[in-house]
Amino acid sequence: MNRDARRAPGAIGLRIDGARLLARLRELGRRGALEGGGVCRLALTDADREGRDLVTGWMRELGLEVRIDAIGNVVGTRAGTEAGAPVMMGSHIDTVRTGGLYDGNLGVLAGLEVVETLAAAGIRTRRPLAVAFFTNEEGARFAPDMMGSLVFQGDLPLEAALATRGIDGATVGGELERIGYAGAAPVGAAVNPVHAYVELHVEQGPVLELEGVAIGAVEGVQGISWTEFTVTGTSNHAGTTPTRLRHDAGFLAGSVIRFARELALELGGDQVATVGFLELGPNLVNVIPNHARFTVDLRNTDAETLREAEARLFTFVDELAAAEGVRVGRRTLARFEPVAFAPEMVARVERIAAALGHSVRRLPSGAGHDAQILARMCPAGMIFVPSAGGISHNIREHTEPGDLEAGANVLLHTVLELAGLPSQSF
Ligand code: GLV
Ligand code: MN
Ligand code: MN
């Protein structure tokens, strides 16, 4: 900590208030709460609006200047002693249908906790600080995931995002208007310069807990490939149609579920493959399905192997469709190359975690995050804290209060170092 002490005099002993952070996490968790725990705040639903209203209200109470942009991203800024691009903290507050209290929410509410801690200590940083939550990070209702950060950064045109239709037929633009979050602030990296971005997040995997390590310094994010397949066959009587005469859309879908597992095992390493969405039609006990729609989520830290996985999946589907006599349409829902975070950001998180007395290790992220998009416009880094049982996207998602607090303190000191104090020169 000596080096930090020289760089951030007066702030060295500063710590966030873990109880206050937990109280906010629980309060936000009441918006869209599910029976038995967990939350459902799919992007741009009424529950998402309630969560947004709550967090935006907290931003205003903390004196942040709140800007809502045209894709519904919300950025609260605290002025520095000097003007310029802010050091940004953030994440998302939308969840999957079976979400927990921490995925995304932790990064946003820990950002508010950092701001409140600094305000209580009378500390103003040189650079402005910002806390952001990005629209539709999860992609569970509208694809692609990381939609808000992609538009914020500029690689996804606003019009295309607004026109996106979700799993329930609603459009992003229509839902933004409906919930009152179609803001006026412009999007794009040119009008939203960010000095650096730091995202605290739960690991959502088992590594930190298994190894008894408190903090993860995230090196990067694995590549993500999401494809939707729509299969058209012939529905017919389940009792009278001989197997050799069937054109069974369900058979193709079921075969892909099995193939995906085999592919992951065969490619080995980090490769994973998931069929997470499946619909059959007419979906009746005695009718051969003439319709199937399903998604395949492929991920790998290695770009080349991910491409190979995609190629093998597509070949399998095409060959089986020809043999079964069904038609298949294919649509890319999301495609992200693996991302490596700026080495100096990884090293900074690692050093600060150790200086604060926490065990720390480097690791890649298996989940997608807004930080991987922000990394296209500024140095970005991530801090992970353990997930109990490695469980996430599940209402049982849990992180121990002490781990949440440790992660938020690493966030605080990482941000302090990046934003600097008035007595320092950058
Ligand atoms: C989104 O957070 C994902 O990793 O699926
Ligand atoms: Mn997340
Ligand atoms: Mn998630």
Side-chain angles (χ1 to χ4, degrees), residues 25 28-29 32 34 38-43 47-48 51 55 73 89-111 131-150 156 166-167 197-205 216 218 220-228 270-277 295-301 306 332-339 363-375 380-387 390-399 404 407 411:
L25 282 162
L28 180 53
L34 293 169
V39 290
C40 174
R41 281 200 311 274
L42 286 171
D48 187 22
V55 176
N73 297 318
M89 300 167 275
S91 193
H92 60 98
I93 63 166
D94 67 312
T95 74
V96 295
R97 205 189 294 281
T98 53
L101 297 196
Y102 307 102
D103 178 359
N105 305 303
L106 174 61
V108 179
L109 300 185
V131 181
F133 61 86
F134 295 101
T135 295
N136 183 36
E137 187 276 346
E138 290 290 6
R141 185 180 181 205
F142 303 99
D145 49 348
M146 280 88 77
M147 180 181 277
S149 44
L150 271 169
L156 177 62
I167 52 174
Y197 177 80
V198 191
E199 182 167 345
L200 170 64
H201 206 285
V202 288
E203 181 199 340
Q204 306 182 272
V218 185
V221 182
Q222 66 181 347
I224 302 175
S225 161
W226 285 359
T227 309
E228 179 192 75
D270 293 324
Q271 183 65 51
V272 284
T274 307
V275 177
F277 172 93
T295 56
V296 182
D297 172 322
L298 299 171
R299 305 195 192 201
N300 203 309
T301 47
L306 183 59
T332 300
L333 298 180
R335 184 66 172 81
F336 298 98
E337 289 291 336
V339 172
L363 81 176
S365 169
H369 296 291
D370 295 307
Q372 76 193 80
I373 308 303
L374 271 287
M382 289 193 77
I383 303 158
F384 272 180
V385 287
S387 292
I391 289 183
S392 186
H393 285 187
N394 182 316
I395 64 171
R396 289 193 293 126
E397 179 185 84
H398 178 73
T399 296
L404 299 171
L411 178 70

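Counting starts at 1 for both ligands and their atoms, following the listed order.
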Do Tyr102 side-chain atoms and Leu25 backbone N/O form a donor-acceptor pair below 3.5 Å?
no
Which of the ligand 1 atoms, numbered from 1, are nearer than 4.0 Å to a heavy atom of Glu138:
1 (C), 2 (O)
side-chain contact (heavy atoms from CB on, under 4.5 Å) between Arg41 and Leu28, intermediate numbers included:
CA-CA 10 Å; Arg41 281 200 311 274; Leu28 180 53; 3.6 Å; yes
Quick one: give me the number of protein N/O/S atoms under 2.8 Å from the Mn ion (ligand 2).
3
Within the 4.5 Å heavy-atom criterion, are His201 and Asp103 side-chain neighbours or not?
yes
For Ala367, take its heavy atoms, then give the atoms of ligand 1 lying under 4.0 Å from any of them.
4 (O)
Between Ser149 and Asn73, is the side-chain contact (heavy atoms from CB on, under 4.5 Å) condition met? List the steps.
CA-CA 8 Å; Ser149 44; Asn73 297 318; 6.0 Å; no
Mind checking whether Gln222 has a heavy atom under 4.0 Å from ligand 1?
no
Kindly say whether Asn394 contributes a backbone atom to a donor-acceptor pair with the side chain of Glu397 at under 3.5 angstrom?
no
Which option, Glu137, Arg299, Gln372, His393, owns the non-hydrogen atom nearest atom 5 (O) of ligand 1?
Arg299
Would the distance check show the side chain of Ser91 and the main-chain N or O of Asn105 forming a donor-acceptor pair, the cut-off being under 3.5 Å?
no
Heavy atoms, side chains only, cut-off 4.5 Å: are Val198 and Ile383 in contact?
yes
To the nearest 0.5 Å, what is the distance between OG1 (Thr399) and CD (Glu203)?
9.5 Å
